[in-house]
Amino acid sequence: MSIQRGDPTLGGALDMISRDIGIIDKKAFCYTPEQVVLGLSADGLYLFYPEPNRTPERVSRELIPAELFEINTVLFDVQMAYDVGNQGADIFITPKTAGPTTHWWFDWSKKAFWPEQYFTSHEPTAVAVHAIGGAVSPAVIFGCRDGYIRRSIRTQSIDDGNSVPSFALLGPFNVGQPGLEGLVHDVWAELATQSGVVTVDIIPGDSAEKARRAQSAYSFKVRGGGDDFAPALEICRVRCSAFFIRITNIGAEPWALEGLSFTREIVGKRRVGTGSGEGGVAGE
């Protein structure tokens, strides 16, 4: 990665920024509000400052999804765009031939990655940042495989007549200590007042790795309900060493989590094959 300074025919020159780190595709970069290049390299996101001898700065290296490493640009077009209004960057990974893929939203303030999937006909083949209808903040717009131009509205729950599924996976949470396991007695979840109904799943395992691949051992539903509504404490009694909490929307209404808590207790030595829970009956 180099930066061209001045007219190359009138004394300008290339200043080296990095000999090892570069950007994997011709549109796999965007500008942050500070006008610093944010680019996707073969091993993750980097900030490229327009200063000689300054090493590119790795962004969120510990949290970056494995899917963003070593992307094959023979098979995929990679594009990025910074969304000022939503304070983050879109990372679009579009197959050159129509097929399944996962795009990513990078939350700039929290340095967190969120997966996104679109209908095959909606896959972005071109991306731009443009102010629409006199809006103060420019929006990310993308030309889609079916020939239409679209934009993302993150509060929208219907996409061309289809409901938009969404979920959040929280955890892993440790219940016991090495060699010990515990009991998740209860879980409490509260949504924003205008939220639709969501399903909350408790997914336990003998370890965090096993819990990540496990099935739900207990589930219940919760909804928003106005300022006077208070959700009940859900008694689940799930025995495990670690667990995840998955929240999934039901229907087309948007939702937001306001608060979450649980009570856990160490109960004894780890037992082989635990993690299925002592509870397991779905509640309302």
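The figures that follow rest on heavy atoms only: side chains count, while hydrogens, waters and symmetry mates do not.
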Flag yes if more than 12 heavy atoms outside [X] fall under 6.0 Å of its [atom1] atom; otherwise flag no.
{"X": "Ile149", "atom1": "CD1", "value": "no"}
{"X": "Phe119", "atom1": "CZ", "value": "yes"}
{"X": "Glu209", "atom1": "CD", "value": "no"}
{"X": "Glu265", "atom1": "CD", "value": "yes"}
{"X": "Arg5", "atom1": "CZ", "value": "yes"}

Pro56 to Ile21 - nearest heavy-atom pair and separation = CG-CB, 4.3 Å
inquiry  = Could you report the tightest heavy-atom contact between Tyr49 and Leu47, atom names first, then the distance?
reply    = OH-CD1, 3.6 Å
inquiry  = Students often mix this up, so state it plainly: with edges at 30° and 60°, are the rings of His103 and Phe92 parallel, tilted or perpendicular?
reply    = perpendicular
key: Ring geometry between Tyr218 and Phe220 (parallel below 30°, tilted from 30 to 60°, perpendicular above 60°)   = tilted
ask   = In Å and rounded to the nearest 0.5 Å, what is the CD1 to CG distance from Ile247 to Leu169?
value = 9.5 Å
Verify whether one side chain among [X] and [Y] offers a donor that lies under 3.5 Å from an acceptor in the other.
{"X": "Arg145", "Y": "His122", "value": "no"}
{"X": "Thr32", "Y": "Glu34", "value": "yes"}
{"X": "Trp255", "Y": "Ser166", "value": "yes"}

Side chain of [X], backbone of [Y]: donor and acceptor closer than 3.5 Å?
{"X": "Ser241", "Y": "Ser207", "answer": "no"}
{"X": "Thr125", "Y": "Gly143", "answer": "yes"}
{"X": "Asp146", "Y": "Tyr148", "answer": "yes"}
{"X": "Asp186", "Y": "Leu233", "answer": "no"}
{"X": "Gln4", "Y": "Gly6", "answer": "yes"}
{"X": "Asn86", "Y": "Gly88", "answer": "no"}

query = What pairs meet the salt bridge (Lys or Arg N to Asp or Glu O under 4.0 Å) rule with one or both residues in residues 87-112, with sequence neighbours excluded?
reply = Asp77-Lys96, Asp90-Arg154
ask   = Please walk me through it: do Ile245 and Ile203 pass side chain to side chain contact (heavy atoms under 4.5 Å, CB included)?
value = CA-CA 6 Å; Ile245 295 178; Ile203 308 173; over 6 Å; no
task = Verify the ring-centre separation between Phe243 and Phe262: is it less than 6.0 angstrom?
result = yes
Kindly list each side-chain donor-acceptor pair under 3.5 angstrom involving residues 64-76, sequence neighbours excluded, with atom names and distances?
| residue | atom | partner | partner atom | Å |
| --- | --- | --- | --- | --- |
| Asn72 | OD1 | Val74 | N | 2.9 |

task = Answer yes or no on whether Arg58 is positioned over the face of Tyr46, meaning its NZ or CZ is under 6.0 Å from the six-membered ring centre and within 45° of the axis.
result = no
request  = Applying side chain to side chain donor-acceptor pair (under 3.5 Å), run through Ser18 and Asp20 and close with a yes or a no.
outcome  = CA-CA 6 Å; Ser18 174; Asp20 304 308; 4.9 Å; no
